[in-house]
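This report refers to the structure that appears directly beneath it.
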Amino acid sequence: MKKKLIINSKEVEIDLSLNRDGKVEFTFNGKQYSFSNRKVDSVSQYISGDLNALVSSFENNFIVDGREMTIESPLRSRSKSNASSGGHMQSPMPGKILQVLVKVGDVVKEGDSLIVMEAMKMEHTIKANADGTISAIHFSEGQQCAGGVDLVDLSQEEA
Amino acid sequence: MKKKLIINSKEVEIDLSLNRDGKVEFTFNGKQYSFSNRKVDSVSQYISGDLNALVSSFENNFIVDGREMTIESPLRSRSKSNASSGGHMQSPMPGKILQVLVKVGDVVKEGDSLIVMEAMKMEHTIKANADGTISAIHFSEGQQCAGGVDLVDLSQEEA
Amino acid sequence: MSTEILNKIDKILIANRGEIALRVMKTCKEMGIKSVTIYTETEKSYPHSYLSDESFSLGMGPLSETYLNHEKIIEIAKVSGAKAIHPGYGFLSENSVFAKKVTDAGLIFIGPTPHSMEIMGDKKTSKVEMEKIKIPLIPGYHGDDQSESVLKAAAIDIGFPVLVKASAGGGGKGMRIVWKEEEFIEALASAKREALNSFGNDIVLIEKFIQNPRHIEVQVMSDTHGNHLHFFERECSIQRRHQKVVEETPSKALDDKLRKSICETAVAISSGINYKGAGTVEFIMDADGKFFFLEMNTRLQVEHPITEMVTNSDLVRLQILVAAGLELPMKQQEISQNGHAIEVRIYSEDPDNNFMPAIGKIGHVGTPTLNNVRLDSGYVDGNEVTIDFDPMLAKLICWGVDRDSAISKTLHSLNEVKFLGVTTNRDYLKRIVNTTPFREGDTFTHFIDTYSDLLKPVETTDLEIAAGIASFLTNSQTEDTTKSETVQAWNRLQGFRNI
Amino acid sequence: MSTEILNKIDKILIANRGEIALRVMKTCKEMGIKSVTIYTETEKSYPHSYLSDESFSLGMGPLSETYLNHEKIIEIAKVSGAKAIHPGYGFLSENSVFAKKVTDAGLIFIGPTPHSMEIMGDKKTSKVEMEKIKIPLIPGYHGDDQSESVLKAAAIDIGFPVLVKASAGGGGKGMRIVWKEEEFIEALASAKREALNSFGNDIVLIEKFIQNPRHIEVQVMSDTHGNHLHFFERECSIQRRHQKVVEETPSKALDDKLRKSICETAVAISSGINYKGAGTVEFIMDADGKFFFLEMNTRLQVEHPITEMVTNSDLVRLQILVAAGLELPMKQQEISQNGHAIEVRIYSEDPDNNFMPAIGKIGHVGTPTLNNVRLDSGYVDGNEVTIDFDPMLAKLICWGVDRDSAISKTLHSLNEVKFLGVTTNRDYLKRIVNTTPFREGDTFTHFIDTYSDLLKPVETTDLEIAAGIASFLTNSQTEDTTKSETVQAWNRLQGFRNI
């Protein structure tokens with residue numbers, strides 16, 4: 001059975017052949033995997049088979065022997081698709097806009113500083129995530145902004 | 001609202017006047033109590049009001065600041081009503097009968113030794129829990145017995 | 001040093017289970033040594049079966065086919081590539097035949113030589129050896145003639161009270177105190193029966209019974225380069241059913257002179273028999289500070305952590321170093337006692353019903369929060385406590401700057417390390433360490449019988465029950481709402497303990 | 001001693017939150033002192049608000065109305081009957097005005113005198129004092145004339161690179177390194193702006209910037225009987241955004257002679273200003289072992305636990321003893337360094353995205369399992385990490401017999417102390433302590449910039465992802481069955497890693 005998953009914000013496809021009684025077998029990225037599973041506590045499982053590892057999880061957050069990753073089903077995905085891409089620079093968290101370094105119409109290169117904001121008592125610089133032209137600025141200096149909202153829009157040249 | 005509870009195997013009645021939004025008020029043993037409640041983790045709550053205490057619970061097992069007690073609803077009671085009473089001496093756990101010290105018809109006093117059994121590699125002596133006459137012995141020496149089964153029955157004199 | 005060790009021992013098979021398997025595993029992890037554990041088919045949910053680097057099933061069956069199966073364990077060690085076997089305590093830890101088979105298979109046995117184990121493994125042989133090197137012994141009869149009449153005559157000769165003890169025994173099994181001549185025959189029969197069941201051997205010895213004695217033991221550690229060190233004493237006088245339940249170090253009963261004398265006696269024994277590795281010399285001490293050799297345990301002791309905390313050492317690490325043939329990395333004068341440590345053993349049992357063992361499913365294991373407190377346990381949430389193994393759930397070890405502070409920390413931590421769902425002796429342990437006699441250091445092996453009145457359960461108050469009811473009622477309240485809604489309800493709560 | 005203390009201080013108000021409130025509470029519990037905590041209305045689910053003996057709400061509002069509200073906090077102390085106030089670190093801990101108000105209210109301030117705090121609270125005043133007692137200082141400009149041109153001229157005079165620092169600052173806020181003359185004006189403006197925002201004061205000083213310097217600090221503790229002790233050094237060179245992230249003791253950069261010299265310099269300062277209580281003298285040390293006074297923090301330091309583990313002491317306990325007017329219970333020669341301790345600070349942040357702070361709900365906090373490992377955290381399962389407070393989630397402190405062992409234990413324990421549900425720097429911390437330069441002791445304050453290539457995230461392998469997928473799939477599988485049925489299914493599983 002083919003199944004789509006979103007792993008670390010990227011969609012992948014697996015082919016699931018067994019999933020019951022604590023056993024699971026599937027193909028991922030061209031390779032066949034087989035694991036057994038024992039519950040350890042309310043958040044942890046012991047996975048054995050191709051890799052022996054403690055796996056903890058909470059919502060879409062998984063930790064495999066200390067390595068963090070997110071795994072979710074496309075239907076229940078909680079992560080915003082491609083945050084701060086497609087020419088929208090978003091605020092990473094709630095804060096205050098200290099300085100706006102560009103104006104609409106400016107041509108910027110990827111990595112150029114656009115806005116300085118303060119959050120959790122530290123200054124953060126929001127940079128352009130692509131080359132392009134500033135098409136909109138949604139906040140002015142001194143304004144408070146929420147987390148995850150668009151601060152600056154960029155219109156990208158067609159490739 | 002009157003409500004029956006079984007606390008440490010004894011039935012008690014409380015009069016419940018409030019139970020919502022983490023607040024609870026009731027009368028118990030002639031006194032009025034009022035508590036607020038905050039969840040701490042999956043098994044613990046912080047109770048405040050007439051007493052400030054961490055209360056942990058699992059099934060019918062409650063621990064109030066380190067003091068253990070059982071609390072359950074009469075409808076869902078898991079504890080056997082009055083185990084090893086009413087003249088039935090039960091095995092506390094699975095084990096092996098080493099010695100039977102009495103025979104049917106013997107008159108015994110509370111505290112008299114009836115049976116020696118071995119469980120968890122130690123000898124345990126099963127004693128009479130009341131004065132009476134042995135009416136039945138369900139196991140003989142060398143037999144294995146399960147936990148919680150009647151070993152010896154006692155017919156008590158009418159008071 | 002770490003490369004030197006890893007060249008010799010880079011993987012250890014731990015031939016044990018529960019808390020001691022996890023304890024040994026911790027030191028392996030710290031030293032970068034891989035650990036291999038074994039488990040029976042019923043133990044797949046217990047942490048010793050999955051927290052090691054590799055684990056192997058012993059299948060099912062009686063102990064002789066699992067944890068006591070010499071051949072299977074040695075085979076697993078070879079298959080896994082382990083270089084050494086750590087036996088823990090109990091099981092095969094004092095079995096000289098197994099130790100020899102391990103060595104014959106080309107593996108390292110982390111423990112003393114089979115010869116030392118044989119000398120100390122039998123109480124009679126060990127006492128003969130001790131007499132040779134002039135170690136003080138309790139008056140007693142250790143003869144081969146085991147007839148009832150000879151044993152009784154010996155008891156009368158020594159003078160009542162006497163102790164009847166299984167020669168091969170330990171842990172209180174096959175042991176009886178006899179106060180009067182007329183009780184002797186019944187007690188002897190019972191001790192012999194228990195000895196036969198437990199050890200397959202009903203030979204007993206008879207000793208003068210010392211009233212109000214203290215149990216003092218000395219931790220020794222010897223390497224193969226002629227260094228015989230001690231790590232000071234432990235007092236383990238508080239016992240129930242002849243099993244230790246509370247241990248502490250230093251002992252309040254020793255002044256500097258007595259401490260020096262008893263520790264040097266222990267080292268005289270370890271050097272006298274050219275001992276190797278970790279061992280414990282047990283003494284019984286009377287009210288006048290006279291002490292007598294009791295026995296030597298040729299393995300790691302259950303209560304070893306209190307020594308580790310007070311001397312700031314890792315005894316398992318030292319065992320491994322010695323087993324690898326290295327020299328002990330410290331001199332006697334560098335080992336000192338700092339502060340005070342108390343261990344209490346948490347059992348699944350009902351102390352208010354003759355210490356009857358209890359079984360059940362552990363819903364939740366609490367975690368201690370204070371600094372310098374250790375909980376050595378082999379159980380995690382959801383594990384079943386069954387009749388298959390020892391009812392000890394965990395050891396709580398608390399270190400404090402002084403004895404009073406160690407007592408306070410023990411009382412506080414016992415409240416924290418709940419084993420929800422199983423009847424335990426936690427409350428009873430609190431009663432013990434909170435008594436005036438214990439606080440004053442008036443400890444001796446009959447403490448629990450003598451002070452049973454002080455150890456009665458304190459009635460739960462109506463107020464405590466009411467708090468429990470409040471929790472019960474709000475538990476059922478939350479069942480009707482989703483978890484996140486409930487949390488929000490709590491967050492909305494206003495006026496809590498406002499000023 | 002315990003009665004003597006309790007007669008003076010039997011209840012302490014802890015004027016702080018999070019891990020440091022819990023840290024102080026632990027020592028109170030060990031000493032039998034009642035603890036009182038304070039919390040804002042949004043913090044009712046955080047453990048500092050309910051694990052104390054009493055707690056009081058500060059209501060809602062900005063910090064000035066809650067944790068920085070002098071009058072409200074002193075009123076709570078009086079209402080609760082607390083005899084003393086422990087300020088923790090941050091907040092009011094170095095506020096001499098508050099300390100004076102506490103004393104004026106008839107309460108004990110657990111900290112130095114307001115006078116000491118004033119001397120050390122301002123970087124300029126402190127340097128003037130230090131010059132008087134001949135403590136080595138970094139070349140710099142600490143003048144009152146704050147005009148752009150004068151500051152720039154001073155910078156040119158000292159010679160680039162220079163450091164621009166807020167005079168009232170700390171924790172890296174209002175601090176800029178300027179490498180070239182032409183960058184000076186912009187950096188100055190940015191530093192002044194951040195200083196004004198953070199401290200309400202934009203006075204800066206300019207100093208010679210020492211390349212590849214080590215940050216070495218010395219823990220001092222003084223009583224009111226003329227005893228000025230030190231508890232050796234801590235090296236805190238590994239910093240990001242000028243904030244410490246990895247600290248250790250002893251420092252690999254000090255030999256015995258240098259250690260003696262720097263520790264004695266620290267004591268010359270504490271005795272020179274007749275200091276009282278716990279303090280930390282910070283030095284900057286160049287590659288030649290020349291060290292310069294940086295500042296003195298007149299409070300408990302975030303990283304104090306590594307000193308506690310290596311010197312086997314409880315600094316909060318000593319603070320309380322000193323505050324009660326008692327003499328310190330040890331002599332300098334009784335304090336020694338034993339083994340090695342490393343602290344790593346776990347932040348809710350994304351190290352691979354410019355250390356951007358992260359927020360979220362903590363699903364589960366992992367527990368360390370090895371011995372001599374401490375996790376000092378103010379969060380429990382279900383707590384929200386918000387933007388209201390510092391993004392430090394916890395401090396992991398690992399003690400080992402030597403530095404290699406402390407590193408291994410840190411790597412192992414970082415895997416254990418998960419904060420499920422929140423992005424943390426755990427993996428990044430593992431990368432830091434696992435680099436060859438760190439393992440070799442090549443540590444300096446620009447370590448993170450210099451070795452950024454070594455600190456890049458390692459790509460997660462397909463096999464690791466596959467194990468995560470397996471867990472994801474069986475998670476959804478268990479959703480369809482009841483919990484107990486699932487456990488039985490696991491128990492039925494046969495053949496797991498059988499030989």
Side-chain angles (χ1 to χ4, degrees), chain A residues 3 5 7-8 12 14 16 19-24 26 28-29 31 33-39 41-45 47-69 71-73 92-95 98 116 118-125 147, chain D residues 172-173 190 193-194 197-198 241 350 353-364 366 381 387-391 414-416 418 420-424 426-427 430 458 460-478 483 486-487 489-490 492-493 495-497:
Chain A
K3 207 172 152 71
L5 295 174
I7 296 176
N8 293 334
V12 303
I14 62 165
L16 183 62
N19 186 21
R20 65 183 155 73
D21 294 344
K23 281 198 177 284
V24 58
F26 57 90
F28 161 61
N29 229 349
K31 276 186 94 170
Y33 294 94
S34 168
F35 293 100
S36 292
N37 179 310
R38 281 187 284 168
K39 190 186 159 94
D41 57 37
S42 57
V43 296
S44 304
Q45 304 177 333
I47 295 281
S48 57
D50 290 318
L51 183 70
N52 299 327
L54 264 181
V55 182
S56 306
S57 60
F58 176 71
E59 296 178 351
N60 63 349
N61 217 286
F62 285 73
I63 303 185
V64 177
D65 264 350
R67 300 280 285 169
E68 306 198 10
M69 57 188 79
I71 305 179
E72 53 201 327
S73 142
M93 48 174 44
L98 294 181
V116 181
E118 188 192 62
M120 295 181 103
K121 297 197 187 151
M122 282 186 284
E123 288 192 7
H124 305 282
T125 304
Chain D
K173 280 161 200 158
S190 170
R193 188 170 56 229
E194 210 172 271
N197 276 339
S198 299
R241 285 175 178 271
D350 185 354
N353 182 18
N354 201 25
F355 304 104
M356 192 70 81
I359 55 177
K361 182 177 173 172
I362 300 172
H364 179 70
D381 296 4
I387 59 155
D388 297 337
F389 298 104
D390 191 83
L414 274 168
N415 273 350
E416 295 181 331
K418 318 172 222 288
L420 270 170
V422 180
T423 303
T424 73
R426 284 190 314 116
D427 193 64
K430 278 161 59 187
V458 181
T460 310
T461 63
D462 273 8
L463 188 54
E464 287 167 332
I465 291 175
I469 293 174
S471 173
F472 176 86
L473 293 169
T474 44
N475 271 359
S476 45
Q477 167 187 323
T478 62
K483 206 170 163 182
T486 315
V487 169
W490 279 308
R492 277 197 307 271
L493 254 179
F496 166 71
R497 285 215 247 164

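A note on names: the letters A, B, ... follow the listed sequences, proteins ahead of strands, and every chain is numbered from 1.
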- request: Could you give me the CA-CA distance, side-chain angles and deciding distance for A:N60 and D:F472, then say whether side chain to side chain contact (heavy atoms under 4.5 Å, CB included) is met?
  value: CA-CA 9 Å; A:N60 63 349; D:F472 176 86; over 6 Å; no
query: Could you walk me through whether D:T460 and A:V64 pass the side chain to side chain contact (heavy atoms under 4.5 Å, CB included) check?
result: CA-CA 10 Å; D:T460 310; A:V64 177; over 6 Å; no
Chain A contact via [X] - which portion, at a heavy-atom distance below 4.5 Å:
X	answer
D:I469	both
D:D427	side chain
D:V458	both
D:N197	side chain

- line: Closest non-hydrogen contact found for D:A467 with A:L51 is CB-CD2, 3.9 Å
Part of [X] within contact of chain D (heavy atom distance under 4.5 Å):
X	value
A:D50	both
A:K31	neither
A:L54	neither
A:L5	side chain

- request: Look up atom CD1 in A:I63 and atom OG1 in D:T424, then write down how far apart they are to the nearest 0.5 Å.
  value: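 If we round to the nearest 0.5 Å, A:I63:CD1 and D:T424:OG1 are 7.0 Å apart.
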field: salt bridge (Lys or Arg N to Asp or Glu O under 4.0 Å) partners of D:E416, counting only residues at least two apart
entry: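 D:E416 satisfies salt bridge (Lys or Arg N to Asp or Glu O under 4.0 Å) with no other residue.
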query: So with a 6.0 Å cut-off around NZ of A:K3, is the heavy-atom count from everything else above 12?
result: no
- request: Tell me, please, which residues at least two apart from A:V116 pass side chain to side chain contact (heavy atoms under 4.5 Å, CB included).
  value: A:L98, A:Q99, A:L101, A:E123, A:T125
message: Salt bridge check, A:E68 against D:R426: does any charged N sit closer than 4.0 Å to a carboxylate O?
response: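 Between A:E68 and D:R426 there is a salt bridge, with a charged N closer than 4.0 Å to a carboxylate O.
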message: Could you walk me through whether D:I465 and A:M69 satisfy the side chain to side chain contact (heavy atoms under 4.5 Å, CB included) test, starting with their C-alpha distance in whole Å, then the side-chain angles of each, then the deciding distance to 0.1 Å, before giving a yes or no?
response: CA-CA 8 Å; D:I465 291 175; A:M69 57 188 79; 4.3 Å; yes
message: With chain A as the partner, which of D:G468, D:S190, D:G366 has the greatest number of non-hydrogen pairs under 4.5 Å?
response: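 With the most close heavy-atom pairs to chain A, the winner is D:G468.
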